[in-house]
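Single-structure report; data block below.
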Amino acid sequence: MKVVNFLVALAVLALVFSSAIAYDPSPLQDFCVASNGSDSAVFVNGKFCKDPNHATADDFFFSGLNMAGNTSNQLGVHINIIDADVIPGLNTNGITLVRIDFAANGGLNPPHNHPRAAELLTVLEGTVYAGFVTSNPDHRLFTKVLKPGDVFLFPFGLIHFQLNIGKTPAVALAVLTSQNPGVDTIANAVFGSNPPINPDVLTKAFHLDKNLVSKLQKQVWVDPSE
Ligand SMILES: *[C@@H]1O[C@H](CO)[C@@H](O)[C@H](O)[C@H]1NC(C)=O
Ligand SMILES: *[C@@H]1O[C@H](CO)[C@@H](O)[C@H](O)[C@H]1NC(C)=O
């Protein structure tokens, strides 16, 4: 009986522990203004913290998110990421803000996922077709056509995308539930890995002709950028 109790306690502990490390940890202090070293006092979450006595309002501030991004690139998309490198005081607060600009007629934020975050997207301008796909085995596709004021959630870690289906530029703001959400752009990871994945893997996995695979692997896969 004691052994059973012990095992149950262990399982509960394991559950608590795994959920504790599945999300950004508690900040543990009022703030930890990220610092690159020179005036650091403490070290939390991979960043040095500024001595709290030296923190100022500017450590929690950013200006310029009203500025449109340059979408003159292959995908017709520009992503401005406001994270702890931009607002140092954001460090340990478990949140990232993103402005996405889409070129008229097909600007695309290609299929990608955030390994460490859920994302809540609000369209401010334009008409955006957005969707996400659930994991194995169902692969259910959920989509919406979003207009200004519409909000859509991309659940934690799932593959998602946004396409401007309007004739005018589109703008969206997104919040992500991590200060370091990470991005895996699917096509880039698969066909643009460094060094390249053995083509036999991709030929079989994607049911593709081997010549097409090597052609795809020779392309330049630029991540949607700032
Ligand atoms: C936008 O980016 C393109 C490609 O890099 C560049 O040629 C162009 O000058 C940029 N436009 C502006 C307004 O900065
Ligand atoms: C710290 O380093 C990051 C990454 O190199 C940089 O983007 C950021 O501007 C730097 N922050 C400060 C406060 O110097």
Side-chain angles (χ1 to χ4, degrees), residues 34 36 57-91 95-117 119-132 143-152 154 159-176 178-197 202 206 212-226:
N36 286 341
D58 280 338
D59 289 326
F60 307 91
F61 177 75
F62 172 79
S63 181
L65 210 57
N66 57 326
M67 305 284 284
N70 184 343
T71 59
S72 300
N73 52 55
Q74 201 184 13
L75 292 165
V77 74
H78 179 278
I79 298 171
N80 194 357
I81 302 169
I82 309 303
D83 60 10
D85 283 338
V86 179
I87 300 182
L90 205 147
N91 191 39
I95 192 167
T96 292
L97 180 66
V98 173
R99 172 181 170 135
I100 311 170
D101 287 274
F102 303 85
N105 302 308
L108 174 69
N109 192 8
H112 63 279
N113 76 316
H114 304 289
R116 293 176 288 278
E119 173 176 346
L120 196 55
L121 182 99
T122 306
V123 168
L124 301 179
E125 290 171 27
T127 311
V128 174
Y129 166 71
F132 65 87
T143 65
K144 272 281 182 192
V145 171
L146 306 172
K147 304 234 178 219
D150 290 350
V151 180
F152 197 48
F154 305 113
I159 293 174
H160 58 281
F161 56 82
Q162 301 111 27
L163 174 71
N164 182 2
I165 57 171
K167 291 181 167 46
T168 56
V171 181
L173 274 187
V175 281
L176 294 105
S178 168
Q179 71 171 58
N180 186 17
V183 188
D184 287 329
T185 303
I186 309 304
N188 301 21
V190 168
F191 296 109
S193 71
N194 181 25
I197 297 172
L202 303 181
F206 289 87
L212 179 56
V213 167
S214 74
K215 202 172 141 192
L216 287 169
Q217 287 186 303
K218 284 194 191 97
Q219 290 188 19
V220 179
W221 296 93
V222 181
D223 291 332
S225 62
E226 296 191 43

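When a ligand or atom number is given, it counts from 1 through the structure's own listing order. Residue indices begin at 1 and follow the sequence shown.
Protein heavy atom closest to atom 5 (O) of ligand 1, with residue, atom name and distance, is Ser72 O, 4.5 Å. For atom 12 (C) of ligand 1, the closest heavy atom belonging to the protein is Asn70 ND2, 3.4 Å.
When the shell of 6.0 Å around CD of Gln74 is examined, it contains 12 or fewer heavy atoms from other residues, nucleotides or ligands.
Judged by distance alone, the side chain of Asn164 and the main-chain N or O of Ala103 form a donor-acceptor pair under 3.5 Å. For the pair Trp221 (side chain) and Leu216 (backbone), a donor-acceptor distance under 3.5 Å is present.
Classification of the Phe132-Phe154 ring pair by plane angle, with boundaries at 30° and 60°, yields perpendicular.
For atom 7 (O) of ligand 1, the nearest protein heavy atom lies 4.0 Å away or farther.
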